Amino acid sequence: MRVATWNVNSIRTRVGRVVDWLVREDVDVLAMQEIKCKESQFPFEAFAEAGYDVELHGLNQWNGVAFASRLPIEEVTVGFPAAPGFGKVDDAGELPVEARALGVTVAGIRLWSLYVPNGRELDNPHYPYKLEWLDRLREATSEWMTAHPGQPIALMGDFNIAPFDHDVWDIAAFEGKTHVSQPERDAFHALETAGLIDALRSRGVEGYTYWDYQQLRFPRNEGMRIDFILGSAAFDELVTAARIDREERKGDAPSDHVPVVVDLDVETEDDDDRPMIF
DNA sequence: ATGGCTATCAAAGATAGA
């Protein structure tokens, strides 16, 4: 079973690339972030023709998370308990909760597609919002793991945090910036302390997952490692391979992020049905 | 690769990304 996460930066702009990649790379389940559309605008047909069902949470042109899967999707959950909101208070006096978290269960494995708030600037209200969002995510994840002991679970997505200095091309360029601040890194490492393991770093997989469109960042390989798959011990035991698909930053109209992929040693019903090819 | 970003929508400039 092959599982991946990818910040696609608009699914309507990228649908051809994404579906081609799913088929070519033989991916069973993809968590997408920044789909940048609501359900009525989502290109379901292209996924369906390739054999993928889609679940999504999209409210407007910002954010938006989704799953595409050719295995049955169960237990769809929009958002997590006590997720903070951001923006202008609504008629009920509440801050709107953005489309940044979607949970599903596939083949008995609990998976989340997460688009962590950017933070913008250290003195911007988006920054404490980011930290609170991450704290609530950790609490919700711990509660789930306590309630479902032994079930594999993975948090997948764009965390908007570079956990180590070498996860950005030049740490000096990030002085006083978000993504590398100690509170953000503490929030990331708190997820690990809660029992999650970086499926790629723990296996020695190196490389960036994001390169800015500006300043020739990709040709110069001036990127950031901010997209992750964090799995429980039960999930980690299933991982047989892991990689970052740097090739997807090339070619026409790429996303600024690339896919992060893991292979899992999991029996799926489809395996028996798949035709033998000689 | 002699380069200067890309996506969204009240459709032009504003907002957001990181």
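A, B, ... follow the sequence lines: proteins, then strands. Residue 1 opens every chain. Predicted, not measured: the structure shown is a model, and the values here were computed from it.
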Would you indicate what [X] reaches in the nucleic acid, counting non-hydrogen atoms under 4.0 angstrom: base, sugar-phosphate, or nothing?
{"X": "A:R220", "answer": "nothing"}
{"X": "A:R100", "answer": "sugar-phosphate"}
{"X": "A:R12", "answer": "sugar-phosphate"}
{"X": "A:Q214", "answer": "base"}
{"X": "A:N160", "answer": "sugar-phosphate"}
{"X": "A:Q41", "answer": "sugar-phosphate"}
{"X": "A:N7", "answer": "sugar-phosphate"}
{"X": "A:F159", "answer": "nothing"}
{"X": "A:D158", "answer": "sugar-phosphate"}

### Message
Here's a test of your reading of the structure: between A:F174 and A:N9, which maps to the more 5' nucleotide of DNA chain B?
### Response
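Counting from the 5' end, the first nearest nucleotide belongs to A:N9.
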#### Entry: Nearest-nucleotide comparison on DNA chain B, the residue closer to the 5′ end among A:W62 and A:P254
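Residue closer to the 5' terminus by nearest nucleotide: A:P254.
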### Message
Here's a test for you: under ring pair (Phe, Tyr, Trp, His ring centres under 6.0 Å), which of A:Y210, A:W211, A:Y208 qualifies with A:F218?
### Response
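That would be A:W211.
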[Y]/[X] salt bridge by N-O under 4.0 Å criterion:
{"X": "A:D28", "Y": "A:R70", "result": "yes"}
{"X": "A:R17", "Y": "A:D20", "result": "no"}
{"X": "A:D170", "Y": "A:R220", "result": "no"}

Gap between atoms [atom1] and [atom2], on [X] and [N] respectively (whole Å):
{"X": "A:E121", "N": "B:dA18", "atom1": "CD", "atom2": "P", "value": "13 Å"}
{"X": "A:R17", "N": "B:dA7", "atom1": "CZ", "atom2": "C1'", "value": "15 Å"}
{"X": "A:D212", "N": "B:dA16", "atom1": "CG", "atom2": "P", "value": "17 Å"}
{"X": "A:Y115", "N": "B:dA7", "atom1": "OH", "atom2": "C1'", "value": "11 Å"}
{"X": "A:H179", "N": "B:dA16", "atom1": "NE2", "atom2": "P", "value": "15 Å"}
{"X": "A:N221", "N": "B:dG3", "atom1": "CG", "atom2": "C1'", "value": "17 Å"}
{"X": "A:E222", "N": "B:dC5", "atom1": "CD", "atom2": "P", "value": "14 Å"}
{"X": "A:I11", "N": "B:dT8", "atom1": "CD1", "atom2": "C1'", "value": "15 Å"}

Using atom [atom1] of each nucleotide, how far apart are [N] and [M] to the nearest Å?
{"N": "B:dC5", "M": "B:dA11", "atom1": "P", "answer": "25 Å"}
{"N": "B:dA7", "M": "B:dA12", "atom1": "C1'", "answer": "15 Å"}
{"N": "B:dT6", "M": "B:dT2", "atom1": "P", "answer": "15 Å"}
{"N": "B:dA18", "M": "B:dT8", "atom1": "P", "answer": "15 Å"}

### Query
Between A:H257 and B:dA18, does any side-chain N or O lie under 4.0 Å from OP1 or OP2?
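So the side-chain polar atoms of A:H257 do come within 4.0 Å of the phosphate oxygens OP1 or OP2 of B:dA18, strictly under.
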#### Entry: Phosphate-side-chain proximity, A:T13 and B:dT8, N/O vs OP1/OP2 below 4.0 Å
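Yes.
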### Message
Starting the side chain at C-beta, find the nucleotide from B:dG3, B:dA18, B:dT8 nearest to A:K36.
### Response
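For A:K36, the side-chain atoms sit closest to B:dT8.
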### Message
From the set B:dA18, B:dA7, B:dC5, return the single nucleotide nearest to any side-chain atom of A:R14.
### Response
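Selected nucleotide: B:dA7.
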### Query
What do you reckon, are the aromatic ring centroids of A:W169 and A:F174 less than 6.0 Å apart?
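Ring centres of A:F174 and A:W169 closer than 6.0 Å.
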### Message
Taking the ring centre of each residue, are A:F164 and A:H189 less than 6.0 Å apart?
### Response
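Between A:H189 and A:F164, which both carry aromatic rings, the centre distance is below 6.0 Å.
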#### Entry: Where A:A162 and A:I226 come nearest, the two heavy atoms and their spacing
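So the minimum-distance heavy-atom pair works out to N-CG2, 4.0 Å.
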